[in-house]
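The structure appears below as structure tokens.
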Amino acid sequence: LLKSVLSPAQAIVVYTDKEVHGAVGSRVTLHCSFWSSEWVSDDISFTWRYQPEGGRDAISIFHYAKGQPYIDEVGTFKERIQWVGDPLWKDGSIVIHNLDYSDNGTFTCDVKNPPDIVGKTSQVTLYVFEKVPTRYGVVLGAVIGGVLGGVLLLLLLFYLIRYCWLRRQAALQRRLSAMEKGKLHKSVKDSSKRGRQTPVLYAMLDHSRSTKAASEKKTKGLGESRKDKK
């Protein structure tokens, strides 16, 4: 998170991180940038000061002016500071190598861009650990990401179950419709078959009656013939 300090005249605005963490023996970058209403001047300057943790006085550890970096070669940061800034990009960052617990403290970045020379400085606090702890924001982000992932997984599972249930219901509906159509077709077919069989039955009954009548008539005729012979 960057913080800015705005002068009352709104001249130069300087930006640094609020705090940085580093492990013993590693390196850390102290970022410093600025905004100015003027173009970047050839006389632009960057100054870094360091105030030890619990100390009262700040000492100058780095200075950039006239296009040249001037590094403290006698103090606590001797041969451990590297200039990585670029004035054309409004960048005055430095790197501190081979960190030690004694490096804990506050670092101040001051920028002058003539004619913009009025502006407050910006500070960044360095914390050196044996092992850099996981930041609260990272942990919180991981927790939130896990919760969101779980919710998305549950939603996906819900829609998958619902999709399968709807497919099964549709299959059952099609099966029932097919069964109903089959029963209706069979009913119509049976009715048609019974309709064709009825005239046949009537014809058979009429034929049986005709045969019986003819037989009775023939028997009666034979009886009368025998009587006449007697």
Side-chain angles (χ1 to χ4, degrees), residues 1-138 140-141:
L1 179 65
L2 295 178
K3 67 177 183 178
S4 65
V5 180
L6 184 62
S7 71
Q10 296 195 6
I12 294 179
V13 182
V14 182
Y15 303 91
T16 64
D17 296 307
K18 184 177 181 180
E19 63 181 49
V20 292
H21 299 167
V24 173
S26 67
R27 68 178 185 176
V28 68
T29 301
L30 303 181
H31 297 281
C32 178
S33 60
F34 71 95
W35 177 90
S36 174
S37 59
E38 300 290 337
W39 292 97
V40 175
S41 170
D42 292 336
D43 295 326
I44 188 172
S45 66
F46 298 90
T47 302
W48 280 94
R49 296 181 179 88
Y50 167 66
Q51 182 178 350
E53 187 177 30
R56 292 183 178 181
D57 298 326
I59 60 173
S60 178
I61 61 173
F62 175 84
H63 185 67
Y64 177 95
K66 301 295 182 178
Q68 294 294 325
Y70 299 91
I71 301 173
D72 179 18
E73 295 293 344
V74 295
T76 183
F77 296 100
K78 179 182 178 179
E79 299 180 351
R80 293 198 294 135
I81 294 179
Q82 178 186 358
W83 165 250
V84 293
D86 186 344
L88 294 179
W89 291 93
K90 300 181 178 180
D91 183 5
S93 303
I94 61 173
V95 174
I96 299 178
H97 295 267
N98 195 22
L99 291 177
D100 189 78
Y101 291 116
S102 61
D103 297 334
N104 283 306
T106 302
F107 294 80
T108 303
C109 181
D110 185 17
V111 183
K112 297 290 188 290
N113 182 42
D116 282 351
I117 58 174
V118 178
K120 292 184 179 180
T121 59
S122 186
Q123 297 178 336
V124 52
T125 303
L126 172 63
Y127 296 98
V128 180
F129 301 91
E130 180 178 356
K131 182 179 180 181
V132 178
T134 304
R135 293 187 177 184
Y136 174 76
V138 175
L140 182 61

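As the structure is a prediction and not an experimental result, all values here were calculated from the model.
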Looking at every heavy atom in both Tyr70 and Ala65, which two are closest together, and how far apart are they? CE1-O, 3.7 Å
Does any pair with a residue in residues 56-65 pass salt bridge (Lys or Arg N to Asp or Glu O under 4.0 Å), and if so which ones, sequence neighbours excluded? none
Going by salt bridge (Lys or Arg N to Asp or Glu O under 4.0 Å), name the residues that satisfy it together with Lys112, two or more places apart in sequence or in a different chain. Asp110
Once you round to the nearest 0.5 Å, how far does OH of Tyr64 lie from SG of Cys32? 13.5 Å
With heavy-atom distances below 4.5 Å as the criterion, would you say the side chains of Phe107 and Ile61 are in contact? yes
Is there side-chain contact between Val24 and Val128, with heavy atoms separated by less than 4.5 Å? yes
Looking only at non-hydrogen atoms, find the nearest pair between Val95 and Arg27 and report the distance. CG1-CD, 4.0 Å
Filter on side chain to side chain donor-acceptor pair (under 3.5 Å), then keep only pairs touching residues 91-107, sequence neighbours left out; what's left? Arg80-Asp103, Gln82-His97, Asp91-Ser93, Asp100-Ser102
Residues two or more places apart in sequence or in another chain: which of them pass salt bridge (Lys or Arg N to Asp or Glu O under 4.0 Å) with Asp116? none
So for atom CD1, which belongs to Ile59, do other residues, nucleotides or ligands contribute more than 12 heavy atoms lying within a distance under 6.0 Å? yes
Of Ser36, Ser45, Ser41, the one forming a side-chain contact (heavy atoms from CB on, under 4.5 Å) with Pro114 is Ser41
Only one of Thr29, Ile96, Val124 forms a side-chain contact (heavy atoms from CB on, under 4.5 Å) with Val20, so which one is it? Val124
Could you pull out the closest heavy-atom pair between Phe34 and Tyr15, with the gap in Å? CA-CD1, 4.0 Å
Sequence neighbours excluded, every pair satisfying ring-ring contact (aromatic ring centres under 6.0 Å, His included) that has a member inside residues 109-128: His21-Tyr127
Quick one: closest heavy-atom pair of Thr47 and His63, and the distance? OG1-ND1, 2.7 Å
Can you name the closest pair of heavy atoms from Trp48 and Gly92 and give their distance? NE1-O, 2.9 Å
Donor-acceptor contact below 3.5 Å, side chain Trp83 vs main chain Ile71: no
Which atoms form the tightest heavy-atom contact between Thr16 and Ser122, and what is the distance? OG1-OG, 2.8 Å
If only atom types and distance count, is the side chain of Asp17 paired as donor or acceptor with the main-chain N or O of Leu30 below 3.5 Å? no
Contacts satisfying salt bridge (Lys or Arg N to Asp or Glu O under 4.0 Å) that involve residues 29-42 (not counting sequence neighbours) are none
Close side-chain approach of Lys90 to Val40, heavy-atom, < 4.5 Å: yes
